[in-house]
There are 4 protein chains.
Amino acid sequence: MLPIKLEDFLPHEKLQEMNEKEIKILEAAIDIFAEKGFVSTSTNEIAKKANVAEGTIFRYFKTKKDLLKSIIKPTLVKTIAPFEMDRFSKAVFHMEYDTFEDFLKVLIVNRMEFAKKNTAVIKIIIQEIPFQEEMQEELKKLFKEKMYPRVENVLQYFIDKGQIADLPIHTILRLIITSVMGLVVSTIALKDISIWDENLEIERTIQFIKQGLQ
Amino acid sequence: MLPIKLEDFLPHEKLQEMNEKEIKILEAAIDIFAEKGFVSTSTNEIAKKANVAEGTIFRYFKTKKDLLKSIIKPTLVKTIAPFEMDRFSKAVFHMEYDTFEDFLKVLIVNRMEFAKKNTAVIKIIIQEIPFQEEMQEELKKLFKEKMYPRVENVLQYFIDKGQIADLPIHTILRLIITSVMGLVVSTIALKDISIWDENLEIERTIQFIKQGLQ
Amino acid sequence: MLPIKLEDFLPHEKLQEMNEKEIKILEAAIDIFAEKGFVSTSTNEIAKKANVAEGTIFRYFKTKKDLLKSIIKPTLVKTIAPFEMDRFSKAVFHMEYDTFEDFLKVLIVNRMEFAKKNTAVIKIIIQEIPFQEEMQEELKKLFKEKMYPRVENVLQYFIDKGQIADLPIHTILRLIITSVMGLVVSTIALKDISIWDENLEIERTIQFIKQGLQ
Amino acid sequence: MLPIKLEDFLPHEKLQEMNEKEIKILEAAIDIFAEKGFVSTSTNEIAKKANVAEGTIFRYFKTKKDLLKSIIKPTLVKTIAPFEMDRFSKAVFHMEYDTFEDFLKVLIVNRMEFAKKNTAVIKIIIQEIPFQEEMQEELKKLFKEKMYPRVENVLQYFIDKGQIADLPIHTILRLIITSVMGLVVSTIALKDISIWDENLEIERTIQFIKQGLQ
DNA sequence: TATGAATGAGAATTCATTCAT
DNA sequence: AATGAATGAATTCTCATTCAT
């Protein structure tokens with residue numbers, strides 16, 4: 001895996017108000033957390049990789065756990081965010097997509113790109129969320145308040161148009177998320193294997209979900 | 001989560017040749033590993049919960065990692081095993097199931113039951129596999145040698161009968177596994193929530209997969 | 001090094017009143033103590049090599065240190081003993097040897113044989129005596145009471161006959177012991193090296209001491 | 001035994017680049033290792049005597065064994081070094097000493113002084129070398145490459161001059177080393193005993209070796 | 001701000017010894 | 001007599017965090 005560059009996925013304003021050392025610490029921490037897990041990574045190791053003194057870490061992050069939170073939170077927010085803010089979301093809410101298939105395509109391509117940019121942090125989130133109650137709450141809140149209401153709207157729209165079956169929203173959502181995450185995880189895990197043709201698998205997954213929900 | 005009882009899921013012969021203390025250590029370890037993660041669990045903690053001296057742990061398991069392996073391995077094997085040996089598998093190979101739907105039903109119900117019995121160990125496996133190369137190899141080998149060939153047979157049979165689309169086996173398998181694991185994880189995570197009706201969700205998942213692969 | 005056989009160097013009566021297990025424990029302990037040192041040898045290891053249960057060791061030897069003493073003491077006694085009891089000693093006291101050279105020859109050949117039979121225990125003694133005050137006392141007492149008076153006699157006899165220089169007994173003794181121990185240690189350490197010709201080195205050492213004391 | 005002062009026998013430059021705590025740890029370790037042996041000394045004990053936290057030991061020495069090596073190695077080098085570098089050695093190679101006796105005198109006085117300054121470390125070396133293969137190799141290498149060739153030169157010179165007998169170099173060397181080490185050990189062990197007159201014993205040892213090799 | 005030495009609590013592991021069988 | 005399971009104190013080593021410079 002290539003070393004992380006924070007500028008790839010932290011908002012510009014945020015980055016500008018961050019110190020260079022702080023950034024290097026975050027980048028180093030993401031790299032090593034993803035590789036060895038949070039608990040198995042020592043602050044000493046992070047300091048060395050970030051080329052700072054161990055004490056410097058604690059100037060920017062009160063504790064090691066704080067450092068973890070600083071890594072997880074923005075990505076958690078950005079995982080959910082598109083559903084409320086970006087081009088994609090606005091488009092959907094203006095019902096610019098006529099078909100569920102178009103919607104799926106945009107959703108999947110968008111989240112796949114995001115996942116590939118944020119592989120390391122996503123790994124960390126998947127590993128650590130089960131043990132970080134605070135982050136679990138954050139995730140639940142984001143899901144409930146930011147994501148679910150918008151998605152409910154969209155899905156209801158397609159149900160009403162008769163493009164997908166009249167199942168409970170939470171069931172539809174589960175089946176979609178499950179399939180998309182399966183695709184994402186497979187892509188990350190298998191991306192080096194020759195038989196894996198990403199575009200083909202994306203297309204097949206779209207068809208699978210679409211038909212499955214008909 | 002209820003405390004684990006090993007007798008629920010270790011073969012009788014195996015249990016009989018195990019010492020009472022050894023069993024109590026395993027049970028305690030499974031409980032705490034699942035709750036706090038392997039690295040964050042101290043042997044002291046395990047010893048206390050198992051009501052043995054800390055040294056006793058090391059009589060039965062050479063190292064803490066050994067203890068982890070002793071927990072993970074049998075469940076890993078049993079996760080794969082049904083595909084080669086039990087009633088379900090034999091039945092399938094004699095093509096006693098006429099329809100893909102029947103096959104899916106048996107598969108899902110069977111794995112759901114297993115998952116509910118082994119929740120804690122499955123949590124541990126999901127958490128630790130990414131960091132335990134040895135176990136990764138074991139898993140790959142089991143998958144390749146024990147599971148894939150049999151499943152390939154069955155799926156090809158249904159493809160030939162025209163009951164599922166003519167997609168590559170690995171794609172079909174990914175979509176099925178993904179959906180089933182999504183169901184399993186949802187069941188474990190949401191089982192206490194009132195709107196979650198397990199049987200209904202099973203049925204919906206079966207329909208989803210079946211239609212998705214048509 | 002070949003495994004030790006106690007019968008080689010424990011008196012017959014002593015051996016007869018010893019249990020078979022006790023003997024096997026002693027033999028195993030000597031072997032491993034010599035190889036790894038007393039502190040670095042575990043009772044478990046000894047038990048395994050002796051083919052007995054760990055508890056059995058403590059039936060015959062109250063503590064691990066007791067086992068050490070049981071190994072060291074008889075050899076310590078036998079290192080000193082010849083000077084008071086055996087053929088060599090009696091001979092010397094009857095002044096059957098006319099020349100200092102004859103005396104040296106008997107002394108060295110005798111002690112070399114003893115050293116080669118007891119290599120392992122001698123190693124243990126050299127390693128452990130510095131840390132075992134109790135054994136140090138024993139050694140001093142044996143030296144003072146059993147060895148020194150006899151040896152003094154003999155050496156005085158040769159001084160009086162003009163065969164060795166009129167130096168203080170303790171100096172003569174130091175120079176002899178030093179040269180003999182150097183020979184013994186060299187023999188043990190170098191016995192596998194081709195240029196080492198034992199008989200030649202014995203002869204040279206005799207000449208060296210003899211001339212040195214003229 | 002008096003507490004060790006490192007400044008007595010570590011080169012000035014080396015000492016200057018060493019931290020105060022590092023020095024205190026080394027001094028404490030030498031003291032206790034010499035008294036109780038390496039394996040029987042706990043890092044806790046060393047820390048207490050050195051007045052540092054136990055963790056501090058491991059900042060300066062990666063492992064306990066590393067600490068041992070750091071103690072043994074410089075003294076091992078310095079035991080051999082004079083034969084290749086210092087005043088004594090240069091003098092000998094310019095054959096400034098006319099007689100073997102002069103040579104012996106310089107050798108013995110020099111090594112006796114060294115031994116008295118480094119008693120504790122020498123004790124440790126003698127105790128631990130048999131169990132530390134790495135150090136054994138180091139010792140052999142030093143002996144072979146640094147000491148033996150020079151000494152061979154000198155001894156051959158005296159053989160050629162007819163001052164010592166024409167014996168193999170290794171035999172001559174063994175007899176000298178043996179006698180000198182015997183003197184050193186006796187001095188260390190007996191230095192508190194009233195009958196022990198060091199200068200007298202040195203003189204007697206010189207005569208003993210000289211005549212022995214005639 | 002930044003450093004990195006120092007800390008000491010806590011980790012996994014070992015082992016002599018005990019004791020019920 | 002003999003076993004070997006069980007113990008728990010002691011050991012080496014790690015690491016997040018603090019703090020004087």
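Shown here, E:dG4 forms a base pair with F:dC19; the pair counts as Watson-Crick or G-U wobble because both key distances fall under 3.5 Å. Across all strands shown, E:dT14 forms a Watson-Crick or G-U wobble pair with F:dA9, both key distances being under 3.5 Å.
Straight-line distance from the CG atom of B:N19 to the C1' atom of E:dA20: 14 Å, rounded to whole Å. In this structure, the NZ atom of C:K48 is 10 Å from the P atom of E:dC15, given to the nearest Å. The distance between atom CZ of C:F61 and atom P of E:dT18, rounded to the nearest whole Å, is 16 Å. Between the CG atom of C:N51 and the C1' atom of F:dA2 there is a distance of 13 Å, rounded to whole Å. The separation between D:K21 atom NZ and E:dG8 atom C1' is 13 Å, rounded to whole Å. A straight line from CG of A:L67 to C1' of F:dC15 spans 15 Å, rounded to a whole angstrom. Straight-line distance from the OH atom of D:Y60 to the P atom of F:dT12: 20 Å, rounded to whole Å. Rounded to a whole Å, the NZ atom of C:K36 is 12 Å from the C1' atom of E:dC15.
In this structure, C:L76 and C:V121 have side chains that are not in contact, with every pair of non-hydrogen atoms separated by 4.5 Å or more.
In the set E:dA16, F:dA16, E:dT13, E:dA16 carries the atom at the smallest distance from any side-chain atom of C:K64.
Remark: D:K64 is positioned above the aromatic ring of D:F38, its terminal NZ or CZ atom under 6.0 angstrom from the ring centre and at most 45 degrees off the axis.
The two atoms that bring D:A28 and D:K49 nearest to each other are CB-CG, 3.7 Å, heavy atoms only.
Between A:K65 and D:E54, the residue anchored nearer the 5' end of DNA chain F, judged by the nucleotide with its closest heavy atom, is D:E54. Nucleotides of DNA chain E nearest to B:V39 and C:T63 differ in position, and the one nearer the 5' end is that of B:V39. Where A:R59 and B:T41 meet DNA chain E, the nucleotide closest to each residue was compared, and A:R59 sits on the side nearer the 5' end. Taking for each of B:A53 and C:G55 the nucleotide of DNA chain F with the nearest heavy atom, the 5'-most of the two is the partner of C:G55.
Separating the OG1 atom in B:T41 from the CD1 atom in B:I30 is a distance of 12.0 Å, to the nearest 0.5 Å.
Residue-environment remark: NZ (B:K73) stays at or below the threshold of 12 foreign heavy atoms within 6.0 Å.
Nucleic acid contact class of B:S42 (heavy atoms, under 4.0 Å, all strands): sugar-phosphate only.
Residue B:T56 has no polar side-chain atom (N or O) positioned under 4.0 Å from OP1 or OP2 of F:dA6. For C:T43, no side-chain nitrogen or oxygen approaches OP1 or OP2 of E:dC15 to under 4.0 Å.
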